[in-house]
Every structure is written in C-alpha cells, then in structure tokens.
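Heads up: the structure comes next, in structure tokens.
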Amino acid sequence: MVVLSVDHGARSGYCVFEDGKYVESGIVTLDCVTSLRQAQKEFYQIFSFYNPDVVVVEKVNVAGSKFGGTNIVKLAQLQGIVLLLADMFKCEVKEVNPMSMKKVITGNGKAEKREVAECIAKRWSLNPNNICVPVYYKKKDGIKTYLADESDAIALGTYYLEECKKGA
C-alpha cells in the first residue's frame with residue numbers, strides 16, 4: 001500500500017510511505033499560494049510517479065483560524081487540487097485533525113511544530129533540521145520560526161499508519 005500525505009500551502013510538504021515504510025518526503029514550493037496550475041502540475045507528477053492508494057491531508061480549520069479568511073480560501077483551493085488528483089487516481093482520502101495527530105505523535109495535542117518534527121525525525125531516522133528548517137532573525141541571534149511543511153506531511157502520514165495499526 002502506498003500512502004501520500006500532504007501538508008498544503010505555499011510550501012506544500014509531502015511524504016510517501018510504501019508498505020508502512022518511509023520512502024521520500026519533500027517540498028513543493030509555489031511562486032504564490034494562488035499558483036493553482038503550478039500546484040496541479042507538481043502534484044500530478046508525484047501522483048503519477050507513486051500512484052498512491054491513500055492520500056492523507058490535514059483538515060482545514062475555518063473556525064478560529066489564525067490565517068484569516070483570504071488565506072483559508074487559498075489553502076482550501078490547494079487542498080482541492082490534491083483531492084481532485086486523489087479522485088482522478090482513485091485514491092482513498094483521509095482527513096486528519098492536527099490536534100489528534102499531535103497527540104498520537106508526541107503525546108500532546110498542542111505540541112509545537114519543532115516537537116512534532118523531532119519525534120518524527122527520531123521515528124524515521126531523519127535529521128530534524130532538514131525536515132523542519134529553522135529560520136533565523138536577520139539582525140539578531142536566535143530562531144524566528146520553523147518551516148515545518150515537510151515534517152508536518154511526514155507526521156500526517158505517520159499518524160495515519162499508526163491509526164491503521166490500531167485498527168488492524
């Protein structure tokens with residue numbers, strides 16, 4: 001069974017698992033969040049190469065979102081591309097609640113992105129700085145934020161695989 005998990009956004013993370021094993025992960029970087037044609041092309045190539053059986057995506061949380069209305073619409077449009085491709089390739093689709101995923105991965109439903117990335121990196125023997133890239137302040141010491149799109153995609157797929165084990 002091939003599982004493709006996607007954390008959609010202007011930097012969309014993706015991860016591929018085959019028969020319960022990590023295969024590959026990466027980033028699809030778009031020129032802007034509304035580059036729907038570019039997103040379709042990039043994801044079509046991933047779907048064509050791996051031909052997934054299951055596609056795992058994060059539920060878009062409209063209520064109380066920190067991203068604002070315009071960005072939620074853009075994220076939903078990108079998710080729509082992934083869901084359309086999943087339908088075209090006859091994939092089962094699973095939507096994952098981020099808090100549920102964090103709870104399974106870290107034991108804390110409100111875990112920070114870096115904590116999730118570190119758990120995922122340990123689980124799959126990956127470097128956490130490669131899958132959750134620190135972004136530093138330009139004029140100050142210290143980390144400003146993390147680009148966690150790839151680690152989030154790996155976490156979504158890992159969560160799905162763990163839930164499959166429980167149900168088996």
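Computed from heavy atoms alone, side chains included, the values below leave out hydrogens, waters and symmetry copies.
The stretch residues 93-106 participates, sequence neighbours left out, in these side-chain hydrogen bond (donor to acceptor under 3.5 Å, both in side chains) pairs: Glu92-Lys94. Residues in residues 148-157 take part in these side-chain hydrogen bond (donor to acceptor under 3.5 Å, both in side chains) pairs, two or more places apart or across chains: Arg11-Asp149, Ser25-Glu150, Lys113-Asp152.
The two residues Glu115 and Asn108 have their closest heavy-atom pair at OE1-ND2, 4.4 Å. Residues Val28 and Ile46 come closest through the heavy atom pair CG2-CD1, 3.9 Å. For the residue pair Ala155 and Ile105, the shortest heavy atom distance occurs at O-CD1, 4.0 Å. Heavy atoms only, all atoms of each residue included: Cys132 and Arg114 are closest at O-NH1, 2.9 Å. Ile27 and Gly13 make their closest contact through CD1-CA, 4.0 Å (heavy atoms, listed as atom of the first residue, atom of the second, distance). Between Ser12 and Phe43 the shortest heavy-atom distance is CB-CZ, 3.6 Å.
No more than 12 heavy atoms of other residues, nucleotides or ligands sit less than 6.0 Å from atom OH of Tyr44.
Aromatic ring orientation, Phe17 versus Tyr22: perpendicular (interplanar angle above 60°, classes split at 30° and 60°).
When side chains are defined from C-beta on, Glu162 counts as touching Arg123, because their heavy atoms get closer than 4.5 Å. Under the 4.5 Å side-chain criterion, counting only non-hydrogen atoms from C-beta, Lys59 is not in contact with Val96. Taking the side chain as every heavy atom from C-beta outward, Leu4 and Val82 never approach each other to under 4.5 Å. No side-chain heavy atom of Tyr159 sits less than 4.5 Å from a side-chain heavy atom of Ser5. Under the 4.5 Å side-chain criterion, counting only non-hydrogen atoms from C-beta, Leu147 is in contact with Val135.
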Any chance you could lay out the side-chain contact (heavy atoms from CB on, under 4.5 Å) test for Leu156 and Val6, step after step, and finish with the verdict? CA-CA 8 Å; Leu156 289 167; Val6 178; over 6 Å; no

May I have the step-by-step check of salt bridge (charged side-chain N to carboxylate O under 4.0 Å, His left out) for Lys166 and Glu163, ending in yes or no? CA-CA 5 Å; Lys166 288 180 187 177; Glu163 291 301 298; 3.1 Å; yes

Under the side-chain contact (heavy atoms from CB on, under 4.5 Å) criterion, do Val3 and Val56 qualify, and how do the steps go? CA-CA 7 Å; Val3 176; Val56 183; 3.8 Å; yes

Dump the intermediate steps for salt bridge (charged side-chain N to carboxylate O under 4.0 Å, His left out) on Arg37 and Glu42, then the final yes or no. CA-CA 9 Å; Arg37 183 176 301 210; Glu42 297 278 341; over 6 Å; no

Chi angles and distances behind the side-chain contact (heavy atoms from CB on, under 4.5 Å) call for Leu83, Val57: CA-CA 9 Å; Leu83 296 178; Val57 295; 4.3 Å; yes

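Note that CZ of Phe89 is 10.0 Å distant from CG of Leu84, once rounded to the nearest 0.5 Å. Annotation: the span from Ile81 atom CD1 to Lys41 atom NZ amounts to 13.5 Å, rounded to 0.5 Å. Going from atom SG of Cys15 over to atom OH of Tyr50 covers 9.5 Å, rounded to the nearest 0.5 Å. How far CE of Met99 is from NZ of Lys110: 5.0 Å, rounded to the nearest 0.5 Å. In this structure, Asp7 CG and Leu78 CG are separated by 11.0 Å, a value rounded to the nearest 0.5 Å. Between atom CD1 of residue Ile120 and atom OG1 of residue Thr158 there is a gap of 4.0 Å, rounded to the nearest 0.5 Å.
Under a hydrophobic clustering in which Ile, Leu, Val, Met, Phe, Trp and Tyr are joined whenever their side-chain heavy atoms come within less than 4.5 Å, directly or via other members, Val54 and Val23 fall into different clusters.
Between the side chain of Gln79 and the backbone N or O of Glu58 there is at least one donor-acceptor pair closer than 3.5 Å. Listed for the Gln38 side chain is a donor-acceptor partner under 3.5 Å among the backbone atoms of Thr29.
In this structure Tyr146 satisfies the ring pair (Phe, Tyr, Trp, His ring centres under 6.0 Å) test with no other residue, sequence neighbours excluded.
Under 3.5 Å, the side chains of Tyr14 and Glu24 contain a donor-acceptor pair of N or O atoms.
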